[in-house]
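Taking it in order: structure first as structure tokens, then the write-up.
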2 protein chains.
Amino acid sequence: MTDVSASGGRTPSRALEQALVDAAERVLVRDGLGGLTVRAVAAEAAVAPMGVYNRFGNKDGLVAAVLARGFEGLRAATAAAEDADPVDRLLTCGRNYRRFALDHPQHYGAMFGAGWAAAVPTEELVDRAGAAFQALVDRVGYAVDRGALRPADPVDTAQLIWSSVHGAVSLELAGLVKTADPAATYEALLQMLLDGLR
Amino acid sequence: MTDVSASGGRTPSRALEQALVDAAERVLVRDGLGGLTVRAVAAEAAVAPMGVYNRFGNKDGLVAAVLARGFEGLRAATAAAEDADPVDRLLTCGRNYRRFALDHPQHYGAMFGAGWAAAVPTEELVDRAGAAFQALVDRVGYAVDRGALRPADPVDTAQLIWSSVHGAVSLELAGLVKTADPAATYEALLQMLLDGLR
DNA sequence: TACTTTACTGGAACAACGTTCTACACCAGG
DNA sequence: CCTGGTGTAGAACGTTGTTCCAGTAAAGTA
């Protein structure tokens with residue numbers, strides 16, 4: 001597919017691939033998931049619509065590339081928590097997660113909202129999500145090793161944390177947080193998680 | 001709009017409205033959110049596509065009616081928890097919530113997945129979601145009054161529970177639960193909530 | 001340098017979608 | 001039996017994802 005070493009021919013300009021994903025991200029942020037059309041992205045990138053099909057096969061391939069970037073950003077945000085204190089590290093991790101979602105609401109919504117009903121549950125995307133999850137598992141293991149969390153399977157514990165954090169962020173993006181101060185409610189959630197998993 | 005007592009004319013057959021929503025639910029369950037088209041629903045109901053626009057204005061109005069039913073089902077499932085013991089009542093509540101989501105995955109996905117990026121954040125739907133949430137608030141209040149949960153604002157506490165439960169169900173529907181036994185992981189989540197909110 | 005292979009462009013075309021328009025059928029009141 | 005508003009059936013418009021086709025330009029090989 002993307003085998004550049006094929007005999008002869010032109011180098012499949014990787015620059016265009018990048019330009020298309022860049023353009024798709026701009027369109028996604030500007031016009032939302034509904035405005036993310038092949039023609040709009042091609043126009044944004046100043047490229048013929050056919051370029052999308054040459055590079056990504058179809059529209060799903062393009063949005064998969066965008067979502068892959070999103071998951072990488074989420075993994076990076078999660079892995080950026082490097083405090084020495086295990087509890088601080090977990091708190092930073094949770095706060096970075098929420099900040100990423102609030103800073104990239106369209107990305108987050110597409111990452112966890114579109115995959116369900118219909119499209120794009122690609123193997124690669126599940127792996128990308130798994131990589132982000134692994135960053136959390138590592139931080140849970142760090143805390144378990146230092147006695148900050150109960151000595152249970154870090155995967156099980158991380159799954160519980162991910163569920164709660166993802167749910168809180170999802171409801172906040174959906175405008176379904178009924179409390180006065182969502183930020184404070186989120187902090188209370190993190191504290192409750194620490195209490196419940198100690 | 002739905003004023004039947006309008007002078008003269010034909011009875012604005014409310015039966016058709018019901019038939020269209022029924023058909024839309026069947027199509028949603030059978031073909032997913034992507035297959036939920038105006039033409040498909042009209043064909044399923046053996047009605048002209050224009051009927052959708054006469055009854056609901058546009059497609060969003062129709063799916064809003066479907067989602068309203070979904071939220072009502074979720075509220076009913078939540079409110080069905082009536083155990084005398086406050087902890088049992090909360091556990092039943094949480095289990096019913098998950099059962100509803102797993103029994104109606106397309107509904108649940110559309111209810112909490114589609115509203116974000118683009119469509120259908122209708123006032124009425126937010127109210128319906130609020131009604132379901134209120135059933136949870138009531139059960140939290142019941143537990144707080146009996147000392148089963150810490151004496152905090154029931155709305156705040158219910159929001160934390162809803163976040164965790166919704167997140168767990170969302171990830172499970174998305175196929176992102178990495179543990180061996182999702183049901184056991186969910187039970188562990190409920191137990192952790194009880195521990196963290198005691 | 002010249003040839004070949006491939007990437008990319010431009011535009012037309014198709015099916016399906018949401019939506020609107022136009023004509024026809026029904027049902028109450030005069 | 002008419003007449004007016006309500007609802008229906010179906011054609012029609014614009015946009016979407018996608019494919020096809022012919023032409024252009026660039027990169028690798030000889």
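Hydrogens, waters and symmetry mates are skipped; everything else that's a heavy atom, side chains included, is used. Protein chains get the first letters and strands the later ones, always in sequence-line order, with residue 1 at the start of each.
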Interatomic distance, N54(A) CG vs dC21(D) P [rounded to whole Å]
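One finds 15 Å between P of dC21(D) and CG of N54(A), rounded.
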Nearest-Å distance, CZ (F56(B)) to P (dG7(D))?
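Roughly 13 Å, once rounded to whole Å.
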Tell me which pairs pass salt bridge (Lys or Arg N to Asp or Glu O under 4.0 Å) where either residue lies in [range], with sequence neighbours left out.
range                       : result
residues 187-198 of chain A : R95(A)-E187(A), D195(A)-R198(A)
residues 156-170 of chain A : none
residues 23-46 of chain A   : E25(A)-R69(A), R26(A)-E44(A), R30(A)-E44(A)
residues 168-181 of chain B : R98(B)-E172(B)

Please enumerate all residues that pass ring pair (Phe, Tyr, Trp, His ring centres under 6.0 Å) together with F100(A), with sequence neighbours excluded.
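Residues passing ring pair (Phe, Tyr, Trp, His ring centres under 6.0 Å) with F100(A): H104(A).
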With the criterion being N/O to N/O and under 3.5 Å, what pairs connect the protein with nucleotides 16-20 of chain C, and how long is each?
residue, atom, partner, partner atom, Å
dG18(C), OP1, K59(B), NZ, 2.8
dG18(C), OP2, V38(B), N, 2.9
dG18(C), N7, R39(B), NH1, 2.7
dG18(C), O6, R39(B), NH2, 2.9
dT19(C), OP2, Y53(B), OH, 3.3
dT19(C), OP2, K59(B), N, 2.9
dT19(C), O4, R39(B), NH2, 3.4

Would one find a side-chain N or O of R55(A) under 4.0 angstrom from OP1 or OP2 of dC8(C)?
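Affirmative; the distance criterion is met.
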